[in-house]
Amino acid sequence: MSKSCKGLATELVKCLSESDCVKVEKRPYRECVGEKTPSIPSECVGLRETYFNCKRGQVDMRARIRGNKGY
C-alpha cells in the first residue's frame with residue numbers, strides 16, 4: 001500500500017518539470033506544487049489533487065482495510 005501512490009508522484013514530478021514554474025522561473029518543486037498560478041498547467045493541478053486523495057486514502061482506516069485504489 002505504501003507504493004500505491006508512487007506512480008502518481010512520478011507523473012506529478014514529470015508534469016511539474018515541464019511547467020513554466022520550474023523551467024522559466026527556476027523555482028523548486030515544492031513552491032510550484034503549493035500554488036495555483038497560471039504557470040502550472042491544469043494537468044498538474046489535477047495530478048496534485050489525485051495524489052493528495054491517494055495519500056489521504058493511505059491513512060483512512062476504511063481504505064486501509066479495503067486497500068488503496070491503485071494508479
Side-chain angles (χ1 to χ4, degrees):
M1 185 158 161
S2 65
K3 295 183 181 180
S4 62
C5 302
K6 190 173 185 178
L8 282 171
T10 56
E11 290 290 323
L12 180 61
V13 168
K14 188 185 303 182
C15 184
L16 284 174
S17 65
E18 297 170 358
S19 69
D20 289 340
C21 183
V22 174
K23 278 185 175 179
V24 178
E25 298 173 15
K26 307 271 190 224
R27 294 169 55 192
Y29 290 106
R30 287 184 185 251
E31 286 183 15
C32 293
V33 168
E35 295 182 359
K36 293 184 179 180
T37 60
S39 61
I40 298 173
S42 61
E43 300 168 358
C44 295
V45 174
L47 279 171
R48 181 182 65 192
E49 296 295 323
T50 308
Y51 180 68
F52 171 74
N53 289 331
C54 183
K55 293 300 273 186
R56 184 173 58 181
Q58 288 182 341
V59 292
D60 184 19
M61 284 300 173
R62 292 175 294 164
R64 291 185 89 176
I65 293 169
R66 288 179 284 172
N68 205 3
K69 293 177 181 164
Y71 171 61

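FYI, the numbering just counts along the sequence from 1.
Screening residues 15-28 for side-chain hydrogen bond (donor to acceptor under 3.5 Å, both in side chains), with sequence neighbours left out, gives E25-R27, R27-E31, R27-E35.
One finds the NZ atom of K14 at 12.0 Å from the CD atom of E43 (value rounded to the nearest 0.5 Å). L8 CG to T10 OG1: the interatomic distance, rounded to the nearest 0.5 Å, is 7.5 Å. A distance of 10.5 Å separates SG in C32 from CG in L12, rounded to the nearest 0.5 Å.
In terms of the side-chain contact (heavy atoms from CB on, under 4.5 Å) criterion, residue partners of C44 (sequence neighbours excluded) are, by chain and number, C15, L16, I40, P41.
Nearest heavy atom pair, residue K55 against residue C5, reads N-SG, 3.8 Å.
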